Amino acid sequence: MHSVVVLLAAVPHLLGQATGQAQTWLFVTIVQPLLWHLHRMDLEDMAYDSLLWVVYGALQVLLVYAVLRPLEWLAPLERWESRRGIGTDVIYTLLNRLGLLPLLFFLTLQPLFDLALAWLHLHGLDNLNLDALWPGMSLHPLAGFLIYLVVLDFAGYWYHRWQHQIGWWWDLHAVHHSQRKLSLWADDRNHFVDDALQAAFFAALALCIGVAPSQFVALTLVGGALQSVQHANTRFDFGRIGERLLVGPRFHRLHHAVGYGHELGHGNRARLYGCNFGVLLPWWDVLFGSADFGTPLQPTGVRAQLPPPEGAGENYGEGLWAQQALAFVRIGRRVARALRGATAPAQATP
């Protein structure tokens, strides 16, 4: 028993050593020669630090796959004749989880944010640093992590609702909802512009409330893993109590339901533009009247994809680049309709 405890205690140290070695190997083998070739050795330090994000991202993908893929195989919620289309989601996942976009925004905004803080301090204003609200919070990293997670998740709930309520934003976010075969890979199917907006928003917010870079990386990795669970094609759930504490696959799958998860919602204004917007915590849906724990699960996707008469038979694209381009086509049509409406002659009032 003692040897098991010693082994478990050594795991974090061994993991730290392994990730450090992988980070160094990637830098020396790939990144440093590339920077030298591009004459950008001034980015050497930032590039080395950022590679740790890539290593942790790779570990996260492997862990999520090892846990969720057997569940999808043993107890699938839906059985498909073909897994066609899921390969595109794998590409999205690798680009997102191994990419540097969130961290790049965080590091890019940091110097600009420091300048803004200095200006505000000169005028007697300081940013909302949550560490300062609870003396000693920095000495309890787990407590600080949980507080930051709740605050960022509250912002994430409203951010997600805006994605469904603002027309052009929905045209981008619909890329995510267009996957009709939800799986552990589906979370990262997003429009790149939508990803950039989200990364900038949460990086700026994290800086405003005093999140350290290491905490930001941890929050992003934990959030990404939990969102992979939400999209998994499995009958596994968190149970009646658990799904009210943490967003699970059943709760989130209803958010993806055609005609209910992200439309007008059966005439109920509390569910205008859908239900179950919570990113990690369903508390906000309960608090703001958008929670649904009881409706039976339904097919997923966007109504416009369905053939007539149920839908418009609209093509949302089979491959990554088609999905990205068609979102701009939808936005273009929306702008054209708005312009036509603005230039139409006014109707005479009887």
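Here the structure is a predicted model, which is why all the values come from computation and not from measurement. Just so it is clear, the values below take in all heavy atoms, side chains as well, and ignore hydrogens, waters and symmetry mates.
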Rounded to the nearest 0.5 angstrom, the CG-CG distance for Asp153 and Leu280 is 4.5 Å
Using a strict 4.0 Å threshold on nitrogen-to-oxygen distance, state whether Arg180 and Glu78 make a salt bridge. no
Can Arg189 and Asp89 be counted as an ion pair, charged N to O under 4.0 angstrom? yes
Value rounded to 0.5 Å, distance of CG in Leu68 from OG1 in Thr234: 8.0 Å
Aromatic rings His173 and His160: how do their planes relate, parallel, tilted or perpendicular, breaks at 30° and 60°? perpendicular
Which of parallel (below 30°), tilted (30 to 60°) and perpendicular (above 60°) describes His252 and His231? perpendicular
So, Gln230 side chain and Val279 main chain: donor-acceptor pair closer than 3.5 Å or not? yes
Does Ser183 reach the main-chain N or O of Ala232 with its side chain, forming a donor-acceptor pair under 3.5 Å? no
Please check this pair: side chain of Arg97 against backbone of Val61, looking for a donor-acceptor N/O pair closer than 3.5 Å. no
side-chain contact (heavy atoms from CB on, under 4.5 Å) for Val211 and Ile209? Distances and angles first, verdict last. CA-CA 6 Å; Val211 179; Ile209 62 176; 3.7 Å; yes
With distance as the sole test, does Glu72 use its side chain to make a donor-acceptor pair with the main-chain N or O of Leu184 at under 3.5 Å? yes
Does Glu314 reach the main-chain N or O of Ala304 with its side chain, forming a donor-acceptor pair under 3.5 Å? no
Whether Asn190 side chain and Asp187 backbone form a donor-acceptor pair below 3.5 Å: yes
Donor-acceptor contact present, side-chain Asp285 to main-chain Gly278, <3.5 Å: yes
So, does Asn233 use its side chain to make a donor-acceptor pair with the main chain of Leu77 at under 3.5 Å? yes
Determine whether a donor-acceptor pair (N or O, by modelled atom type, separation under 3.5 Å) exists between the side chain of Asn276 and the backbone of Phe251. yes
Relative to each other, are the rings of Tyr157 and Phe277 parallel, tilted or perpendicular (30° and 60° limits)? perpendicular
Does Leu71 share a hydrophobic cluster with Leu297, counting links as ILVMFWY side-chain heavy atoms below 4.5 Å and allowing steps through other members? no
Answer with yes or no whether the hydrophobic clustering places Leu182 together with Phe238; edges join I, L, V, M, F, W, Y residues whose side-chain heavy atoms lie under 4.5 Å apart. no
ring-ring contact (aromatic ring centres under 6.0 Å, His included) evaluation trace for His191 with Phe328: CA-CA 10 Å; His191 199 279; Phe328 291 122; 4.8 Å; yes
Ring geometry between Trp162 and Phe201 (parallel below 30°, tilted from 30 to 60°, perpendicular above 60°): perpendicular
Counting only N and O atoms by type, is there a donor-acceptor contact under 3.5 Å from the side chain of Arg333 to the main-chain atoms of Val329? no
Indicate, with yes or no, if the rings of Phe288 and Trp158 have centres closer together than 6.0 Å. yes
